[in-house]
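Residue numbering restarts at 1 for every chain, and letters A, B, ... go by the order of the sequence lines.
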Amino acid sequence: MTELPSAYDPASVEPDLYLDWESAGLFHASADDDGEPFSIVIPPPNVTGSLHLGHALDYAIQDAIIRRERMRGRNAVWIPGTDHAGIATQNVVERLLAAEGTDRHELGREAFIERVWQFRAESGGTILRQLRELGASADWDREVFTFDEDRSRAVREVFVALYEQGLIYRGTRLINWCPRCATALSDIEVEHRDVEGELTRFRYPFADGSGDGIEVATTRPETMLGDTAIAVHPDDDRYRGLVGRTVRHPFQDREFAIVADEYVDPEFGSGAVKITPAHDPNDHAMALRHDLEVIDILDDSAVTTDVVGERFAGLDRFEARRAVVAALDEAGLLLGVDRHDHAVGHCSRCETVVEPRLSEQWFVAMRQLAERAARAVRDGRTVFVPESSTRGFLEWLDNLHDWCISRQIWWGHRIPAWYGPGGQIRVSREDVTDDGWAQDPDVLDTWFSSQLWPFSVFGWPERTPELEAWFPTSTLVTGYDINTFWVSRMLMISLWFTDDVPFRVVHNHGLVRDEHGKKMSKSFGNVIDPLDLIRSHGADATRFALMRSAAPGADVPMAEEWVEGARRFANKLWNAGRFALVNLDGTTPGDLPAVDARALEDRWILSRLARTHADVDAAYDAYDWPVAARGLYHFVWDELADWYLEALKRRMHGDDPAEADAARRTLAHVLDTVLRLLHPVMPFVTEAMWRSLTGASGGGDSLMVAAWPDSDERLIDADAEARFDVLRGLVTEVNRFRSQNRIAPSARFELTLESDRRDLLEEEADLVTSLAGLSGLVFADTLRDAPGTSTIVFPAGRAQVALAGLIDVAAEVERLDRELDRVAQERARIEGKLANESFVSRAPAEVVDRERARLAELDRTAGELAQQRDALGAIDGPPTSD
RNA sequence: GGGGCGUUAGCUCAGUCGGCUAGAGCGCUUGCUCGACACGCAAGAGGUCACAGGUUCGAUUCCUGUACGCCCCACCA
């Protein structure tokens, strides 16, 4: 018999078990191991990051999947790793430098990069260490990094190949520019946010000085310093005569034309638009159509350059905005400033307002890539779970713009392009070291390397055994928020280079939010640290609490008290196990007792187990964690602990060795199975209990690598369930009777029963008296109305109790009155229903019959209650009690 | 501007292919130290299933609309 403390203490169990698993090599898989390959690659967290609840959810799900597949005999591998996270990491290190009173420019490029590597070496392992605390069974021998040597080789190969195929090109186009990060951004790195803005209306005077000029409006007045045209709609009668005339720039020595273009919305503002080709995408497109001059007025920091003229040069764009408005006012050209709310793009990394800017950058042409990805999804080669993610994903793919991949930062994969004399360009797999040639200073968007992750982690472009075995990967687990950033690009690039999808299934979970569904954020102060949860309640409880709420695609509300609830469940399981261990007396899981040696409660729990097993398997297969978690929780707590263990006590403490043996063997089997089923979600407590139960020594002899049980539908026993429910119904009613009459649980009394299940109740009398705490059962053909008794109505009959010395009469009378009232109401409702011709003739016969039966039952019940009430009146004197 | 989702107990959510007395966890109330567990046991209170119409014998469930809330996408100044 093992000594186990009465409360489960995760802290004393989890770290040791983890070390044991790891040192036994249970996390490691080899490409040539037996079993059908199954693989998951971790969505690599930023190397500078630390574990937040979103990670915890994502990794808990992956670990549950991988553990289950491992138990199912698959050659399952979970590849861990981190992302070098270009801009994010560079920003972190730049902040460190700022704190030291220096910056990257002072350091120089090489020294800066060295510094980032050093930073990574010091603190880059944090998040993966934290992942271990969660219990993640990742193959740590295979840890990879998006910026390590092999991954960098893959990046280089893909870049060069796409360039050779004409799908990567360099061009001057309008891109999103973050003035703080001083780099270009892709479209999806820009977050649009509604802001309270202003619409400034002003006039451009005509060049010939006639008339009032023409009214335009803008939310960014400073851009007028780079205006090179005014546009109106060709069909706008107000301006028909003005097309072709020229206006004069009020602050610069320039004139430009009024042009006609379909793009202009005559309904908006004055119907005339100022055109700034260098700083607005639409304006730029129009400039191409009308061959307009393009004047870039801002430098890398969004400060106005000399081209705007002395008066406005050297101003930050927002200062320039104020200065321009003031100058327009002064010149008498300002017509008004109106409140105008609109969406403004912000840098997703630093929240700075993004500046659309004309710039020479590298791009990936997306159309062909996107088409292949969309086709693969439409053909079901990769499926989304939940399926509802699919539609938005495909729509997004259909509307892709080319992807700007060059970044003007230092931390990242340097673009493998070299510029030589006379404007020559070489894009090469090998570094170009010839004299007079210099490499492009820019680096690639982080997502360029992470898109290769599902195959680069296995050593692509080498045809490694790992690649052969585990690619395509089985399931990608990620929040829906990252489908566009990452999932789409993995699909596209994988199909293009490997002709295969990167994963068969994309399982989208939701975002972890607080208990009221609010986003967790530092400014709200509602952030919960998963490590706090793990340390105070255990990794199992944290995992269970997360997964219990994680329906596919649905956001996951979380509060510490919910984790406490999960910890209580772990404790419940632990104590059920303690009870079992004490009573099993050395019996280990093995063959079940023969069918005819099984008591009713054995047949019942085995049947419930079999159903739970089937439901849980189906839920796991469907990635429906809440259903799986709820099913196991309900089985363990409400059926195994509350009923089966209680039912067992009779035989365990009895004197029939054969009965006790059958009970033990059944219990051992049930516990063994449920621990296996629960292990993917709660690996630690199940492992600890399983070792106690089976005597397993750990290491290779672990639940972690035990076989996933086969569900046995032959154990499903509807008859046993129905019979057991009769007993439960009676016990529940006795409990209620006790509670309502304040009869102590310890008080024993005898029940006289009248039941249409008399045979069953007689047969199981011992069990019933044990469960209900009775002193005995007596059976009668018909219950006689007897003074001083009360009748308990239960689903299969009635039971009579002698009240003397047992109850509070007045309270009981009151209760009966309330009950009679309720019965009368219900009766009226059903009578009304049955009086309805249409119902009786059109509803299915079984529905009508059910209602009729219910009515009859109510009549009977009402009679009983009335009788009881009358009988109570016969008791004299004050209520007795002990 | 386009698209999607949601609204069920005090809170967070299940559920109903239209028909049993609509469920769980947490919270709340009452009573319980019977040898696994007070991180527990037993019982209980609490819901016009957002609102208005429609279909139907019957709607919380299907349809339409309204209100409120949330999310994603978006180059109308």
- Query: With side chains defined as the heavy atoms from C-beta onward, is the minimum distance between A:W177 and A:H279 less than 4.5 Å?
  - Reply: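 No - every pair of side-chain heavy atoms lies 4.5 Å or more apart.
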Donor + acceptor pair across side chains of [X], [Y] (<3.5 Å):
X      : Y      : value
A:R578 : A:N575 : yes
A:Y623 : A:N508 : no
A:E560 : A:H537 : yes

- Message: Side chain of A:N735, heavy atoms from C-beta onward: which of B:A43, B:C39, B:A36 has the nearest atom to it?
- Response: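 Nearest to the side chain of A:N735 among the choices is B:A43.
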- Treat primed atoms plus P, OP1 and OP2 as sugar-phosphate and everything else as base, then score nucleotides 6-17 of chain B 5' to 3': B for base contact with protein heavy atoms under 4.0 Å, S for sugar-phosphate contact only, - for none. -----SSSS---
OP1 or OP2 of [N] less than 4.0 angstrom from a side-chain nitrogen or oxygen of [X], does that happen here?
X      : N     : value
A:R742 : B:U30 : no
A:K649 : B:C34 : no
A:R842 : B:C57 : yes
A:W637 : B:C41 : yes
A:R220 : B:A77 : no

- Note on the structure: Across every strand shown, the nucleotide meeting Watson-Crick or G-U wobble geometry with B:G40 (both distances under 3.5 Å) is B:C32
- If B:G69 has a Watson-Crick or G-U wobble mate with both distances under 3.5 Å, name it; if not, just say none.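 Base-paired to B:C5.
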- Message: With a 6.0 Å cut-off on the ring centroids, do A:F256 and A:Y204 count as close?
- Response: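 Yes, the ring centres sit under 6.0 Å apart.
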- For A:R854, answer base if it contacts any base atom (sugar-phosphate contacts may also be present), sugar-phosphate if it contacts only those atoms, and nothing otherwise; contact means non-hydrogen atoms under 4.0 Å. base
- Task: Remember a base hit wins even if backbone is also touched, and classify A:D642 as base, sugar-phosphate or nothing at under 4.0 Å, heavy atoms.
- Result: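 Touches sugar-phosphate only.
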- Message: I'd like to check, for A:H653, whether its ring lies over the base of B:G35 with centroids under 5.5 Å apart and a plane angle smaller than 30°.
- Response: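 Yes, aromatic ring over the base.
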- Note on the structure: In whole angstroms, the gap separating P of B:A42 from CG of A:D638 amounts to 9 Å
- Task: Look at the side chain of A:Q740 and the base of B:A42, then say whether one donor and one acceptor between them are separated by less than 3.5 Å.
- Result: no
- Provide the distance between the two C1' atoms, one in B:G23 and one in B:U8, to the nearest whole Å. 10 Å
- Flag this pair as yes if the NZ/CZ of A:R548 is under 6.0 angstrom from the six-membered ring centre of A:Y633 and inside a 45 degree cone about the axis; otherwise no. yes
- Residue whose nearest RNA chain B nucleotide is more 5′ - A:H342 or A:F485: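 Closer to the 5' end of RNA chain B: A:F485.
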- With under 30° as parallel and over 60° as perpendicular, where do the rings of A:F737 and A:F749 fit, or are they tilted in between? perpendicular
